[in-house]
2 protein chains.
Amino acid sequence: MKPTLQAVADAVGVSRSTVSNAYSRPDQLSAALRERILDAARQLGYPGPNPTARSLRRGFVGSIGVLFTSQLSYAFTDPFAVRFLAGVGEAAERHGTSMLLVPLPQAQTDARRAVENAAVDGFCVYCVADEEWALDVIRARGLPYVSTAPRDDAGADERFVGIDERAAAYSAAAHVAGLGHRRVALLADAVLPDAPAGPLTLSGPQEVWHPTTRGRLTGFADAFAEVGVDWAGLTLLNAPGNSRRAAAAAVAGLFDGPAPPTAVLAGSDVLALGVLDVLAQRSDGPVPPVSVTGFDDVPEAAAAGLTTVRQPAKEKGRIAAELLLDPPADAAANHVLLPTALVVRTSTGPVPRS
Amino acid sequence: MKPTLQAVADAVGVSRSTVSNAYSRPDQLSAALRERILDAARQLGYPGPNPTARSLRRGFVGSIGVLFTSQLSYAFTDPFAVRFLAGVGEAAERHGTSMLLVPLPQAQTDARRAVENAAVDGFCVYCVADEEWALDVIRARGLPYVSTAPRDDAGADERFVGIDERAAAYSAAAHVAGLGHRRVALLADAVLPDAPAGPLTLSGPQEVWHPTTRGRLTGFADAFAEVGVDWAGLTLLNAPGNSRRAAAAAVAGLFDGPAPPTAVLAGSDVLALGVLDVLAQRSDGPVPPVSVTGFDDVPEAAAAGLTTVRQPAKEKGRIAAELLLDPPADAAANHVLLPTALVVRTSTGPVPRS
DNA sequence: GCACCCCTCTGTATCGATTCAGACTGTATC
DNA sequence: GATACAGTCTGAATCGATACAGAGGGGTGC
């Protein structure tokens with residue numbers, strides 16, 4: 001039987017309240033008595049107030065949840081997610097708050113249950129898929145949250161940190177279009193739920209499922225529309241799972257046709273790197289170079305010479321947590337749009353003369 | 001006022017127990033009543049049993065803590081730590097358990113408090129510094145834990161997952177020694193607490209502070225002792241913080257003397273990569289190449305051509321969590337030693353003839 | 001000398017659930 | 001027809017703390 005606060009109280013001969021105060025409100029009792037209590041606690045092996053009981057009574061937990069709407073293990077595989085987590089961790093650390101990483105089971109019901117059961121004071125929702133149901137649960141629990149994906153029906157007061165996905169993507173596509181590319185493939189994760197890796201036909205970017213992906217593809221499309229390439233003229237590829245492997249699977253056979261694309265615009269660096277992997281392995285004779293762009297500017301991108309759109313990953317995490325832990329009084333400040341920048345490296349170049 | 005379980009009970013006209021059972025033990029009531037209760041709950045906006053209250057009564061929380069005895073943000077910066085976390089996450093996911101990342105404040109007292117206050121069922125202790133005090137707290141709380149650093153006074157039944165640090169380090173050093181190197185520098189983190197970056201004099205590896213570092217340096221020393229280079233003949237460098245920058249600071253000026261080392265053995269890949277950074281920038285005329293080895297075989301190591309000792313990072317995390325969540329009946333199986341392998345790449349070579 | 005206040009400490013109510021022994025009903029067993 | 005038993009549901013006890021009003025004693029101001 002582990003000693004309780006009551007046991008310490010009995011040992012010292014004071015009331016339970018006083019022992020509690022010795023731990024949580026030292027100013028409420030004399031220093032001498034406090035020392036006696038702490039000594040007795042040490043003697044008894046009392047490890048301090050039970051965190052769970054304390055949370056129940058106090059009404060808060062002292063930790064924030066980070067929700068990935070996908071495998072938790074994914075979070076550590078994706079370099080962008082890792083940097084995001086680093087930012088969250090930094091802010092949490094500063095506030096003396098812990099981070100709870102909540103894995104979501106595959107089954108919808110269990111996943112719901114997981115969000116319902118998480119002992120946290122709020123959530124940073126990092127969306128890699130549809131998250132509406134999760135937000136419903138969080139709202140029902142009356143917990144605050146910060147979202148990182150644009151949502152169509154977001155209330156004005158809803159806390160959000162993100163970027164202008166469309167404009168950011170536009171900048172990359174405009175760069176590629178400016179280099180003369182007209183036969184172009186767009187590669188992205190979560191274009192449609194449950195679609196396999198490979199080509200996909202949609203009547204327009206507005207049909208794209210995931211809001212982040214939708215924003216980026218819209219930006220790509222807009223830039224090419226301006227140079228006379230409409231949506232139907234672009235090749236759309238789905239790469240479910242946002243991994244190098246998924247990218248490789250998605251572009252399989254892409255360059256073997258009679259008029260292969262001269263550029264691939266990817267919705268993330270990870271996908272772009274996957275494409276570069278594939279291109280690097282195509283050493284079957286002299287092939288005209290293919291331009292590739294990514295998105296995020298993860299650390300690996302620089303080494304690979306990848307042209308990409310930089311967004312401040314760590315900053316995003318930091319601000320998300322900050323918005324949760326220390327919300328600004330001004331409601332407008334709850335909606336943060338971060339800057340992005342096109343980073344041109346060696347993976348893009350002019351269209352080769354064929 | 002958020003609805004409680006009692007409110008739902010009142011609405012339906014049943015006892016609190018029955019509502020509780022509707023959520024936690026569906027077999028304890030008729031399906032019809034259960035539906036009525038769940039409906040009422042939905043109507044009232046009751047989000048399910050309060051996790052904290054549930055944990056208090058049930059006696060467990062459903063999450064495990066991961067303790068880094070350093071800045072939490074470090075955990076996401078160090079590629080080895082990230083892979084370790086990925087492993088923990090994988091196991092946690094499989095067990096439907098959440099992971100709580102606990103940031104430790106600088107101040108000793110606050111750090112103690114943080115471990116005392118973490119609402120978890122057990123700890124994976126990832127040590128980057130002295131952790132004895134943390135283990136004391138955890139034991140006082142009566143919580144199970146898994147350690148990943150060798151401890152001298154570890155009980156036989158103490159759960160542990162790690163590698164044979166000495167033997168692993170020995171293999172790297174023997175390789176370098178076999179290449180003919182005799183003027184060698186050893187570079188490591190946490191050689192002594194609070195020591196600045198740079199050279200350090202110790203009478204032997206047994207004086208090294210951190211047990212992991214101690215094991216590795218002992219292995220290095222053993223290999224060189226066998227070829228006639230004793231401890232005093234080796235240059236010891238401290239790189240506090242285990243970062244590329246720390247490595248760069250530690251080796252500053254190292255190669256400018258009359259008889260610079262021809263090889264640097266680092267206690268981690270991150271440090272080794274820092275050394276390679278420095279060497280790459282020394283383009284001041286033709287310098288004889290310096291052999292460098294790392295430790296861990298993080299993803300970046302391969303790209304850099306770094307000779308290193310591979311240890312299964314993700315596996316380590318996975319097994320640590322597994323040991324915690326599903327301890328083997330056999331006490332001996334609580335002590336897991338993982339295999340390591342020397343991976344020879346291009347960063348090591350024979351001593352240049354001068 | 002009285003009123004007032006501050007400093008310490010106590011006692012009770014409360015946070016929101018789960019547990020478990022039992023009450024009650026209806027059905028199967030012999 | 002009595003006994004046993006399975007299936008449902010209830011009530012009180014309990015998990016381990018914190019909050020808050022207030023009691024009691026000593027000091028201060030006037």
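None of the values given here were measured: they were computed from a predicted structure. Quick note on labels: first sequence line is chain A, next is B, and so on, each numbered from 1.
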Exercise. Mark yes or no for whether B:Thr212, through its side chain, and B:Pro150, through its backbone, hold a donor-acceptor pair below 3.5 Å.
Key: no
Quiz prompt | Under-4.0 Å salt bridge between B:Glu132 and B:Arg139 | solution = yes
Quiz prompt | Pair listing, salt bridge (charged side-chain N to carboxylate O under 4.0 Å, His left out) test, anchored in residues 94-111 of chain B, at least two apart | solution = B:Arg94-B:Glu322
Practice problem: Provide, to the nearest angstrom, the distance between the OH atom belonging to B:Tyr23 and the P atom belonging to C:dT19. | Solution: 16 Å
Quiz item: Looking at residues 7-22 of chain B, who's got a heavy atom less than 4.0 Å off DNA chain D?
Solution: B:Val14, B:Ser15, B:Arg16, B:Ser17, B:Thr18
Exercise. Determine which pairs satisfy side-chain hydrogen bond (donor to acceptor under 3.5 Å, both in side chains) with at least one residue from residues 2-13 of chain B, sequence neighbours left out, and list them in order.
Key: B:Gln6-B:Asp10, B:Gln6-B:Arg16
Self-check item: Set of side chain to side chain contact (heavy atoms under 4.5 Å, CB included) partners for B:Pro26, sequence neighbours left out
Solution: B:Arg34
Self-check item: Pairing residues for B:Glu35 by the side-chain hydrogen bond (donor to acceptor under 3.5 Å, both in side chains) criterion, not counting sequence neighbours
Solution: none
Self-check item: Selection residues 49-66 of chain A - residue pairs positive for salt bridge (charged side-chain N to carboxylate O under 4.0 Å, His left out), sequence neighbours left out
Solution: none
Practice problem: For the pair B:Arg36 and B:Asp39, find out whether any cationic side-chain nitrogen is under 4.0 Å from an anionic carboxylate oxygen. | Solution: no
Practice problem: Determine the sole option in B:Tyr126, B:Phe76, B:Phe68 for which the ring-ring contact (aromatic ring centres under 6.0 Å, His included) test with B:Phe84 is passed. | Solution: B:Tyr126
Exercise. Tell me which residues in residues 39-57 of chain A put a heavy atom below 4.0 Å from DNA chain D, sorted by number, or none.
Key: A:Tyr46, A:Gly48, A:Pro49, A:Asn50, A:Ala53, A:Arg54, A:Leu56, A:Arg57
Exercise. State, without any angle test, whether B:Glu93 and A:Ser73 hold a side-chain donor-acceptor pair at a distance under 3.5 Å.
Key: yes
Quiz prompt | Relative orientation of the end axes in the helix from C:dG1-D:dC30 to C:dC30-D:dG1, expressed as an angle to the nearest 10° (five pairs per end) | solution = 30°
Quiz item: Separation of B:Gln6 atom CD from C:dT14 atom P, in whole Å?
Solution: 13 Å
Quiz item: Is there a donor-acceptor pair under 3.5 Å between the side chain of B:Ser15 and the backbone N or O of B:Ala9?
Solution: no
Quiz item: Going 5' to 3' along DNA chain D, which nucleotides are the first and last within contact of chain A (any atom under 4.0 Å from a heavy atom)?
Solution: D:dG16 to D:dA19
Exercise. Please list, chain by chain and in numerical order, all residues satisfying salt bridge (charged side-chain N to carboxylate O under 4.0 Å, His left out) with A:Arg113, sequence neighbours excluded.
Key: A:Glu116
Self-check item: Strand contacts (DNA chain D) in residues 27-36 of chain B, 4.0 angstrom heavy-atom criterion
Solution: B:Gln28, B:Leu29, B:Ser30, B:Leu33
Practice problem: Measure from the side-chain N and O atoms of A:Asp189 to the backbone N and O of A:Gly241, and report whether any donor-acceptor pair falls under 3.5 Å. | Solution: yes
Exercise. For A:Tyr74, check side-chain hydrogen bond (donor to acceptor under 3.5 Å, both in side chains) against everything at least two apart and list the hits.
Key: A:Asp78, A:Asn242
Exercise. Answer with yes or no after comparing the ring centroid distance for A:Tyr23 and A:Tyr46 against a 6.0 Å cut-off, counting only values under it.
Key: yes
